[in-house]
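Read the structure below first, then the notes.
The model shown is predicted, which means the values in this text are computed figures rather than measured ones.
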Amino acid sequence: MGHLDHAAFGWLTPVLSYAMACTGAALGLRCTVRALGTTGRSRRNWLVTAASAIGTGIWTMHFVAMLGFSVSGTDIRYDVPLTVLSLLVAMVVVCAGVFVVGYSRDRTRALFLGGLTTGLGVASMHYLGMAAVRLHGDVRYDPMLVGLSVLIAVVAATAALWAGLNIKSPVAVTVASLVMGAAVSSMHYTGMFAVSVRVTPSASVLPGATAMQFIFPLAVGLGSYLFLTSAFVALSPTAGEREATASAQRPVESATAR
């Protein structure tokens, strides 16, 4: 059996991956709050932004954490198409869950369906990402821990959607995003602790790209997207601010008309 190290760079990758999960969660919650205060195309655009932020944050969290994953006795490579597919899965399923909640009139039913769909999608993203791992040996999973990781993903997704519907203040969003980041990280590491590897020594070259060749640049790019989008959301006026500005302009326009 190969020895698995989930933090080859010490606390760097766990802390950085947690920060990515929290950033994506916070941005997604703020965008959801903005969406629920609007209608029509504006609501749709905010929901798409929320879904992309949460999906990107979860995917970036997973693969930043994977930068610290190593197995003694073998190199590790990643299948590029499968890795990209895992990102698309994260985006699509989170988008589906967010839209169910954003447009449904039955909030309880929407939370159940949205949380289940999103949670299963997040778990699928995780295990698709693991299926993209290429190494000299066989990867096996503990079914109990896999099931627990899926349960954590569903609960975390449901909590995230509930927070998007019920939490409005910036302080509450910050606290909720910290909790959601911890839940996503817990899902990831529970899934990783389910892994065991039987190494088969070999001198053959593994297919795929190394983490530094592919995962790291992509994670940096997506992380930059999160921070830039966060700045955009922070600088964009809320519905209340737009209404206050419009109200302030009406007396001026009336006086000018006289």
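The local environment of CZ in Phe112 is sparse, with at most 12 non-hydrogen atoms from other residues, nucleotides or ligands closer than 6.0 Å.
When all heavy atoms of Gly97 and Thr118 are compared, the pair lying nearest together is CA-OG1, 3.3 Å. Of all heavy-atom pairs spanning Ala176 and Leu29, the tightest one is CB-CD1, 3.9 Å. The minimum heavy-atom distance linking Gly28 with Ala50 is given by the pair O-CB, 3.5 Å. Heavy-atom minimum distance, Val89 versus Ser124: CG1-CB, 4.3 Å. Thr13 and Ala7 get closest at one heavy-atom pair: OG1-CA, 4.4 Å. Between Ala65 and Ser17, the shortest heavy-atom contact is N-CB, 3.8 Å.
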| query | For Ile58 and Met125, what are the C-alpha separation, side-chain angles and deciding distance, and is it a side chain to side chain contact (heavy atoms under 4.5 Å, CB included)? | reply | CA-CA 9 Å; Ile58 292 171; Met125 178 279 300; 3.2 Å; yes
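By the rule that hydrophobic residues join a cluster once side-chain heavy atoms approach within less than 4.5 Å of another member, Met66 and Leu145 end up as members of one cluster. Leu178 and Met180 sit in two unconnected hydrophobic clusters of ILVMFWY residues. Membership requires side-chain heavy atoms under 4.5 Å apart, directly or through other members. Cluster annotation: Met192 is connected to Val197 through the hydrophobic network of ILVMFWY side chains, with a link wherever side-chain heavy atoms come within less than 4.5 Å. Val92 and Leu120 fall into different hydrophobic clusters, where Ile, Leu, Val, Met, Phe, Trp and Tyr are joined by side-chain heavy atoms under 4.5 Å apart, directly or via other members. Note on Met187 and Phe193: same hydrophobic cluster, where clusters join Ile, Leu, Val, Met, Phe, Trp and Tyr whose side-chain heavy atoms are under 4.5 Å apart, directly or indirectly.
Side chain of Thr56 to backbone of Ala53: no donor-acceptor contact under 3.5 angstrom is found. Looking only at distances, a side-chain donor or acceptor of Thr38 sits under 3.5 Å from a matching main-chain atom of Arg43. His136 contributes a side-chain N or O that, together with a main-chain N or O of Ser204, makes up a donor-acceptor pair within less than 3.5 Å. Ser72 places a side-chain N or O within donor-acceptor distance of the main-chain N or O of His3, the cut-off being under 3.5 Å. A distance-only check finds no donor-acceptor pair linking the side chain of Arg134 to the backbone of Leu206 [under 3.5 Å]. Remark: the backbone N or O of Thr174 is paired with a side-chain donor or acceptor of Ser177 at under 3.5 angstrom. A side-chain donor-acceptor contact under 3.5 Å links Ser149 to the backbone of Val146.
Exactly one of Val139, Val133, Leu4 qualifies for a side chain to side chain contact (heavy atoms under 4.5 Å, CB included) with Val71. That residue is Leu4.
How far OH of Tyr127 is from NE2 of His62: 10.0 Å, rounded to the nearest 0.5 Å. Interatomic distance, Asn45 CG to Cys31 SG, rounded to the nearest 0.5 Å: 11.0 Å. In this structure, Ile152 CD1 and Thr190 OG1 are separated by 3.5 Å, a value rounded to the nearest 0.5 Å. For the atom pair His6 NE2 and Phe69 CZ, the distance stands at 6.0 Å (nearest 0.5 Å). Rounding to the nearest 0.5 Å places CG of Leu135 at 9.5 Å from CG of Asp75. Once rounded to the nearest 0.5 Å, the distance linking OG1 of Thr49 with CG of Leu27 reads 8.0 Å.
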Side-chain polar contacts of residues 210-222 - donor-acceptor pairs under 3.5 angstrom, sequence neighbours left out - could you list them?
unit_1: Thr210; atom_1: OG1; unit_2: Gln213; atom_2: N; d: 3.1
unit_1: Thr210; atom_1: OG1; unit_2: Gln213; atom_2: OE1; d: 3.3
unit_1: Gln213; atom_1: OE1; unit_2: Thr210; atom_2: N; d: 3.0

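Under the 4.5 Å side-chain criterion, counting only non-hydrogen atoms from C-beta, Leu16 is not in contact with Pro14.
Judged purely by distance below 3.5 Å, without hydrogens or angles, the side chains of Trp59 and Ser86 pair a donor atom with an acceptor atom.
Partners of Tyr189 according to the side-chain hydrogen bond (donor to acceptor under 3.5 Å, both in side chains) rule, which considers only residues two or more places apart in sequence or in another chain, do not exist here. Arg77 is linked by a salt bridge (charged side-chain N to carboxylate O under 4.0 Å, His left out) to nothing, counting only residues two or more places apart in sequence or in another chain.
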